[in-house]
Amino acid sequence: MKKFFVLLSTSFLVGAVTAQQVAIIPEPAEMIMPRIAAKYIIQPSTKIFVADNSTAKTVNYLNKYLKQQYGFSCTVQKGMGNGIQLKKNGKAKAPAGNYQLVVNAKGIQIEGADTGLFYGIQTLIQLLPTKAENKQLAIPYINIKDYPRFGYRGLHLDVARHFFDLDFVKKYIDYLALHKFNYFHWHLTDDQGWRIEIKKYPRLTSVGGYRNGTIIGSYPGTGNDGIRTGGFYTQEQVKEVVKYAADRFITVIPEIEMPGHASAAIAAYPELSCFPEEPTIRYYPKGSTWHGDSTGKQVIQSWAVYDDVFAPTDRTFKFLEDVIDEILPLFPSKYIHIGGDECPKSNWKRSAFCQNLIKEKGLKDEHGLQSYFIQRMEQYINGKGRSIIGWDEILEGGLAPNAIVMSWRGEEGGIEAAKQNHQVIMTPGGYVYLDHKQSKKEDSLTIGGYTPLEKIYGYEPIPAALPEDKASYILGAQANLWTEYIQYPEKVEYMIFPRVGALSEVLWSPKKKRDWNNFSQKVPAYFDRLHQWGAHYSKAFLEEKSEAAPAPTSSGK
Ligand code: TNX
């Protein structure tokens with residue numbers, strides 16, 4: 001294979017046409033174009049050649065894409081020939097996901113193991129014009145050798161603060177696939193809603209799945225919309241999503257929050273609280289307006305963090321273990337996210353039961369109790385052959401022995417965990433929180449923060465402060481989309497695009513290939529591509545640029 005490349009690089013030159021003609025995001029590791037701008041045409045008569053049925057998932061994906069976008073698909077044939085040739089490598093070479101794509105007079109040849117072939121198709125998709133001319137798709141001769149830099153390339157979606165239906169979740173997964181992401185972190189439970197059916201505890205969704213209103217505007221709000229809202233996914237729907245993702249080589253990681261962010265579960269089963277008799281309204285922010293019944297335990301209608309957290313009782317653990325028992329068969333993922341973030345300790349301080357437990361177990365304090373909580377759940381989940389992921393607060397009071405840490409409060413948690421030889425996924429708020437605004441003059445409400453495209457593009461997942469021999473503990477990074485201020489799908493798209501494109505390059509492309517100038521030149525073509533996909537996106541990148549240009553003076557000079 002090496003020889004092949006040497007040969008090509010002598011007869012083909014890296015042409016000046018590269019940047020103009022081709023705008024692939026994420027940027028491939030190696031890309032060579034001939035000086036002569038020849039093209040191969042894909043049309044309805046083009047055949048897709050495969051060795052056997054084992055590539056069916058990927059072939060079907062391509063044909064569905066062609067049909068959806070251009071109105072035709074191609075016949076699949078066994079064997080070799082002039083057309084689109086998928087060559088499946090039996091044994092995957094490292095790094096997983098590598099592939100080679102060649103376009104020449106004979107057509108398109110894509111070679112790789114399973115995942116690699118799929119990524120090759122993703123690259124091919126971005127070589128296609130955004131519109132077909134007479135059902136013809138001309139693509140430039142090219143030679144690409146590509147592989148991902150990081151093994152974990154994640155995107156998260158919070159469906160608890162606002163619920164998004166099955167169709168949109170699938171669309172979101174499609175967006176991940178188009179950018180060569182391989183993990184979808186599904187934030188399924190929080191104070192404002194429980195979104196996954198658990199058969200043993202039906203009230204989790206019948207009660208915990210809905211709230212009677214939502215604050216209006218920025219926290220603590222200027223009022224309450226008084227609209228009952230919510231929803232949940234049935235286990236059958238969850239299976240559908242997991243399969244949909246797997247067909248796109250994406251693993252779905254479910255997140256079940258504990259011990260904090262548990263108000264929706266507590267509304268359904270008050271006995272999970274340290275103080276089952278205390279009404280939720282007692283914990284509600286003074287500045288936020290409540291709508292409807294305020295007696296007893298309720299699903300929260302405002303944002304932020306709540307003191308009414310899970311009590312670390314045997315009853316709670318039994319409940320959580322039962323939940324996990326229903327979660328595990330639905331999600332084949334090796335990783336199960338159990339939250340662990342932002343758990344206020346005030347109720348544990350007030351609770352005689354908790355104070356006794358701290359003494360009985362010889363724990364230092366409430367942080368020790370949080371650590372005990374997470375470790376006990378880790379043990380249970382490890383016992384079922386899975387690993388836990390937790391937000392970086394799980395470091396406080398001692399890290400669970402096999403836990404993977406998601407570092408969100410900056411890079412420090414990640415650095416600390418890696419130093420303790422724990423695997424880490426970087427999600428630092430200042431760089432990869434897609435709920436932050438991307439323009440200084442954002443026209444819709446956001447949570448705050450300012451993370452323009454250039455900032456996320458400049459993010460480096462391996463912290464400079466990390467000793468070199470610990471770098472391999474950084475599995476990759478993930479962008480998070482918290483949806484307090486994101487009520488509908490169009491806004492989800494607007495918030496993630498084009499920033500997801502920038503992150504995909506951070507995670508996929510070799511470090512030395514990361515070049516802001518090159519990326520920013522690709523942005524207009526990326527906008528066309530997003531438009532083709534029917535996705536909404538922010539044009540802040542263009543606005544900020546024009547803002548940076550000198551303003552004309554009144555004399556016109
Ligand atoms: C912090 S990041 C949270 C979320 C909020 C988010 C808003 C994390 C582990 N917890 O509950 O939605 O900030 O940006």
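We number each residue from 1, following the sequence as shown. Order of listing sets the numbers, starting from 1, for every ligand and every atom in it. The shown structure was predicted, so the numbers you read here are calculated from the model rather than taken from an experiment.
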*Asks:* I'd like to know whether ligand 1 has R161 as a neighbour, heavy-atom separation below 4.0 Å.
*Replies:* yes
*Asks:* W408 versus ligand 1: do any nitrogen or oxygen atoms come within less than 3.5 Å of each other?
*Replies:* no
*Asks:* Under 4.0 Å from any heavy atom of I447, which atoms of ligand 1 are there?
*Replies:* 7 (C), 14 (O)
*Asks:* Using 30° and 60° as the class boundaries, would you call the ring planes of Y233 and W186 parallel, tilted or perpendicular?
*Replies:* tilted
*Asks:* What is the closest protein heavy atom to atom 3 (C) of ligand 1, and at what distance does it sit?
*Replies:* E342 OE1, 3.4 Å
*Asks:* Could you tell me the separation between the CG atom of L357 and the CG atom of L363, rounded to the nearest 0.5 Å?
*Replies:* 6.5 Å
*Asks:* Just going by heavy-atom distances, which of W303, W391, Y433 is nearest to atom 2 (S) of ligand 1?
*Replies:* Y433
*Asks:* Any idea which protein heavy atom is nearest atom 5 (C) of ligand 1, and the distance to it?
*Replies:* E484 OE2, 3.4 Å
*Asks:* Is the NZ or CZ atom of R350 both under 6.0 Å from the centre of the six-membered ring of F275 and within 45° of that ring's axis?
*Replies:* yes
*Asks:* In terms of relative ring orientation, are W348 and F373 parallel, tilted or perpendicular, with 30° and 60° separating the classes?
*Replies:* parallel
*Asks:* Here's one to test your reading of the geometry: is the NZ or CZ of R376 within 45 degrees of the ring axis of F317 and under 6.0 Å from its centre?
*Replies:* yes
*Asks:* Taking only heavy atoms of H261 into account, list the atoms of ligand 1 that are under 4.0 Å away from them.
*Replies:* 11 (O)
*Asks:* Based purely on interatomic distance, does D435 place a nitrogen or oxygen under 3.5 Å from a nitrogen or oxygen of ligand 1?
*Replies:* yes
*Asks:* Are M406 and ligand 1 in contact, using a heavy-atom cut-off of under 4.0 Å?
*Replies:* no
*Asks:* For D158, which part has a heavy atom under 4.0 Å from ligand 1: side chain, backbone, both, or neither?
*Replies:* neither
*Asks:* Has T483 got a side-chain atom pairing as donor or acceptor with D158's backbone, closer than 3.5 angstrom?
*Replies:* yes
*Asks:* Mind checking whether W303 and Y219 have ring centres under 6.0 Å apart?
*Replies:* no
*Asks:* Taking distance alone, with no angle check, do D341 and ligand 1 share an N/O pair under 3.5 Å?
*Replies:* yes
*Asks:* Check for a donor-acceptor pair, side chain of E460 on one end and backbone N or O of I462 on the other, with a separation under 3.5 Å.
*Replies:* yes
